[in-house]
Amino acid sequence: MTSLDQMLSAYGELAVKVGVNLQPGQRLFILGPLGNGGVSLDAAPLVRAVAERAYRAGASYVEAIWGDEALQLIRFRHAPRESFDRFSQWLPDALVRHAEEGHACLSIYANDPDLLKSEPPEVVGAVQQAVSRQVRPFRELLSRNQTNWSVIAAPSQAWGDVVFADRPATDRIPLLWDAIVRMCRLDRPDPVAAWEAHLGALAARRDFLNQRRYSALTYRGPGTDLTLGLPMGHLWMAGRAMSVAGHPFAPNLPTEEVFTMPHKDRVDGLVTATKPLSYGGTLIDGFSLRFERGRVVQVHAAKGQSMLQQLVDTDEGAARLGEVALVPHSSPISQSGVLFYNTLFDENAASHVALGSAYRFTMEDGEAMDADAFERAGGNRSATHVDFMIGSGALDIDGVREDGTPEPLMRQGEWASPAS
Ligand code: ZN
Ligand code: ZN
């Protein structure tokens, strides 16, 4: 990349063409994480680059709503205690109307992962609950792909201060840009073409796994000896989704994972995490979990053991797995070796599993099942969903066929065979 302008315009083009895949005549609404609604002012240069690219792609109207984290902090420090369940209904109403009318949405993360670290947990909790209640209808529209939408990230000083705390303050935004450029393949001669090829390869891998119908995966690596059952009717997913109107889009950029649900009662053995987990403002590191018949029976952490135990004890489903995802060790996010304190990047850094709820769409007819049927089929339910990384260059994974025959799936962290 030769200049910031070129980088912004390549990133804007990628968000418009591959992320939301904006259609001529569509409106585009740019927002930030739903907690404070608006996109951070730090992302203004990218928002403008996206808007320009969107109009060139035929957008009829591009709008952004801004959110200022400093203003959010002032509220936490000075607003009356009993006011934290207040939330303006006009924003979720506008978002629902926008999505129902089939217009596109782009969310840009450029936030401070530590913003609320020092605020009283009960106040943070009250605000989070008020927000999730109010935005649930919009979230549900998106999860049913009512319209084309995407989530990307932009560098901000506060985010860089957390990720690159050991580097000089003035280097942190350039370092985040470097990371985003590599992970979003903006350094390729034609980033849009590079993503078409990458998303095509992910789809081929997804189709291969769906056609193999493995009954289980077995993992072997340092500190890991795990058998993870897959339920009948599990569906592998990757990369791209399809909107109700029939337009493919990429909900997350970057994306590296192929994922499905494990059987909530058929996980046995020991698994050791290969990267630290940032949870509830604490870093859990050097940890492993032992499973018996799907349930965590023992946890050990060199750092953050009580937080890990709290996570597992959240509810019955928090002690079981709801997601299994495969990511090759050679993926650009894994190679960066950086902890981003942001799911968009960290979840794509390595093969992982998640404690807690399973996605309904990773099971055939899962969205039509009632709660009991979903659980009987092996789907896990919980109020939480927390991913942790178990992949490395030393991990071997076999797929076990329905007749019990194992076949090599990943060797030393890489796909063992081409997807064909
Ligand atoms: Zn995942
Ligand atoms: Zn996940």
Side-chain angles (χ1 to χ4, degrees), residues 33-34 107 109 113 132 139 142-143 149-153 183 198-199 201-203 205-206 209-210 217 219 226 228 230-231 234-241 250-264 267 271 273-280 284 287 289 294 296 308 311-312 314-315 317-329 331-334 336 339-363 366-367 374 378-392 395 397 409-410 413 415:
L34 289 171
S107 175
Y109 176 94
S132 34
R139 269 210 180 114
L142 293 193
S143 73
W149 58 277
S150 189
V151 181
I152 63 171
M183 293 183 297
H198 173 57
L199 291 168
L202 281 178
R205 186 59 63 184
R206 172 202 65 202
L209 288 165
N210 279 332
L217 303 179
Y219 293 73
L226 186 76
L228 184 152
L230 297 174
H234 69 270
L235 290 174
W236 290 91
M237 297 284 160
R240 250 198 289 238
N252 291 314
L253 285 178
T255 180
E256 303 289 338
E257 63 174 341
V258 186
F259 65 100
T260 188
M261 68 165 72
H263 193 296
K264 73 179 185 68
V267 182
V271 64
T274 50
K275 290 180 196 291
L277 165 66
S278 164
Y279 177 72
I284 304 170
F287 64 101
L289 301 103
V296 174
L308 179 59
L311 163 60
V312 166
T314 307
D315 55 26
R320 298 175 186 273
L321 298 182
E323 182 194 340
V324 51
L326 303 174
V327 179
H329 185 59
S331 85
I333 303 179
S334 172
S336 79
L339 188 65
F340 289 96
Y341 299 87
N342 174 301
T343 321
L344 184 60
F345 296 111
D346 292 330
E347 198 194 349
N348 281 294
S351 288
H352 55 272
V353 289
L355 289 166
S357 62
Y359 296 109
R360 295 283 183 135
F361 58 81
T362 54
M363 157 82 63
E367 275 156 307
F374 184 65
N380 195 34
R381 295 173 61 233
S382 169
T384 193
H385 176 106
V386 178
D387 301 276
F388 63 95
M389 304 300 127
I390 62 172
S392 72
L395 187 67
I397 305 175
L409 193 55
M410 294 189 110
W415 294 114

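For ligands, and for the atoms within them, numbers begin at 1 and follow the listed sequence. All heavy atoms count here, side chains included; hydrogens, waters and symmetry mates do not.
Arg240 pairs with exactly one of Thr255, Leu202, Leu199 by the side chain to side chain contact (heavy atoms under 4.5 Å, CB included) rule, that one being Leu199.
Here the OG atom belonging to Ser336 is positioned 11.0 Å from the CG atom belonging to Asn348, to the nearest 0.5 angstrom.
By the 30° and 60° cut-offs, the orientation of the rings of Phe259 relative to Tyr359 is perpendicular.
Within the cation-pi definition used here (under 6.0 Å to the ring centroid, within 45° of the axis), Arg381 does not qualify as a partner of Phe374.
Annotation: side-chain contact (heavy atoms from CB on, under 4.5 Å) contacts of Asp346 (sequence neighbours excluded): Leu339, Phe340.
Take the Zn ion (ligand 1) and draw a sphere of radius 2.8 Å; the protein N/O/S atoms inside it number 4.
Ring-centre distance between Phe388 and Tyr279: not below the 6.0 Å cut-off.
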